[in-house]
Amino acid sequence: MKNLQELVRPNIWRLAPYSSARDEYSGHEAHVFLDANENPYNQPYNRYPDPLQRDLKARLSEVKGVPAENIFLGNGSDEAIDLPYRVFCRPGIDNVVAIEPTYGMYKVCADINDVEYRPVLLDDHYQITADKLLAACDDHTKVIWICSPNNPTGNLINREAILDVIKRFQGIVIVDEAYIDFAKETESLRKTILDHPNLVVLNTMSKAWGCAAIRLGMAFASKEIIALYNKVKYPYNVNLLTQQQAMEALKDPYQVDKWISIILQERTRVMEAFADLPFVQEVFPTDANFFLTRMDDAQGVYDYLVAKGIIVRNRSRVRLCGNCLRITIGKRSENQELLAALRNM
Ligand SMILES: *Cc1c(COP(=O)(O)O)cnc(C)c1O
């Protein structure tokens, strides 16, 4: 890896971050807060929230097995996807490399930040080699994006290939593990961040944890990278309601395990039913709470389902996903309704 200063935009390296009232005060016991121009009434919502979400990170540290100082929390993964562009990539000069097809936000954030985006096509099994990804890089490549399990294909990306990229690439490797809780046989790469100073791993509360509405995303990385993210983020990027609701959800990780096992059971059932439909050509293997399937006329099936009030994701215009739909696993009753509609087509 290059040293961090070589990778970071010079203006960000030099940046003196905003210092909030709560940042400046720390230490002594205090009970009269007249430092932040808050209204003294309407507790508890009158006070600014902890800008570094310390209580929540302490709890997440236990659940995720990562030290609190190696955790960044954002307004969804969206924030943790946008930040590396703002921290590392000089607009109009630097570039990023990503697997293709993958999650759309990496490219949208590249376009917003005026950073060149270099997609590298997966193979027929939706896999990639380190050689192929690294061949797309040059001296201005700051970040490589890998999504595993990948969206929309559903499969885990080969762990050895990812580790090979991390070891050989001179810049930052970001592995988005939004669906890792559904991949039971694999250990999250977040457990390896202390061995890899150029690795950032993303997790989210939006999928297995059932909290998409509260907007809480996580990045796990070296404390130097976390410090850069904290310097650039909005001071109060995670609001109090979100912090409280996340604490509530984290009280019961077993509930999440129960949801996951029901969803995985349903996934097997729905995929087997799809394989039996006469117009389905292929049901791709998956490690997530959705699967990709190729059919004779994906647009036709999509339109038919919409007319019945059932919405799936039409991915048929995505590269390597011709005539493919992406199906999220729902409740049993929802899955039944989907299957009944398709059997009646
Ligand atoms: C759904 C999803 C996310 C979650 O994004 P949030 O902003 O945390 O809701 C992140 N990455 C991928 C690949 C996803 O599919």
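Position 1 is the first residue of the sequence, and the numbers go up from there. From a predicted model like this one, the values you see are computed outputs, not experimental measurements. For ligands, and for the atoms within them, numbers begin at 1 and follow the listed sequence.
With respect to Asp78 and Arg215, a salt bridge is recorded, a charged nitrogen being found less than 4.0 Å from a carboxylate O. Salt bridge absent: Asp50 and Lys57 never bring a charged side-chain N and a carboxylate O closer than 4.0 Å.
Looking at Ile214, Asn203, Ile81, Asp176, it is Asp176 that brings a heavy atom closest to atom 10 (C) of ligand 1.
Side-chain atoms of Tyr85 and Asp94 include no donor-acceptor pair closer than 3.5 Å. With hydrogens and angles left out, the side-chain atoms of Gln299 and Arg317 include a donor and acceptor closer than 3.5 Å. Asn335 and Arg269 form no side-chain donor-acceptor contact under 3.5 Å, judged by distance and modelled atom types alone.
Residue, atom and distance of the protein heavy atom nearest to atom 1 (C) of ligand 1 are Lys207 NZ, 1.2 Å. From the protein, the heavy atom lying nearest to atom 9 (O) of ligand 1 is Ser206 OG, 2.7 Å. Annotation: atom 15 (O) of ligand 1 to nearest protein heavy atom, Tyr179 OH, 2.6 Å.
The closest approach between a heavy atom of Ala212 and any atom of ligand 1 is not below 4.0 Å. For the ligand labelled ligand 1, residue Arg215 lies inside the 4.0 Å heavy-atom shell.
Under 4.0 angstrom from ligand 1, the non-hydrogen atoms of Ala178 all belong to its side chain.
Within the listing of ligand 1, atoms 7 (O) sit less than 4.0 angstrom from a heavy atom of Asp78. Close approach to Gly76 involves these atoms of ligand 1, each under 4.0 Å from a residue heavy atom: 7 (O), 8 (O). Those atoms of ligand 1 with a heavy atom of Ser77 less than 4.0 angstrom away are 4 (C), 5 (O), 6 (P), 7 (O), 8 (O), 10 (C). Atom numbering of ligand 1 starts at 1 in the shown order; those under 4.0 Å from a heavy atom of Cys147 are 13 (C).
The six-membered or imidazole ring of Phe274 lies near that of Phe291, with a centre-to-centre distance under 6.0 Å.
Asn237 places a side-chain N or O within donor-acceptor distance of the main-chain N or O of Leu73, the cut-off being under 3.5 Å.
Considering both main-chain and side-chain atoms, Tyr106 never comes within under 3.5 Å of ligand 1 through any nitrogen or oxygen pair.
Hydrophobic clustering (side-chain heavy atoms under 4.5 Å, transitive across Ile, Leu, Val, Met, Phe, Trp, Tyr) groups Ile327 together with Phe279.
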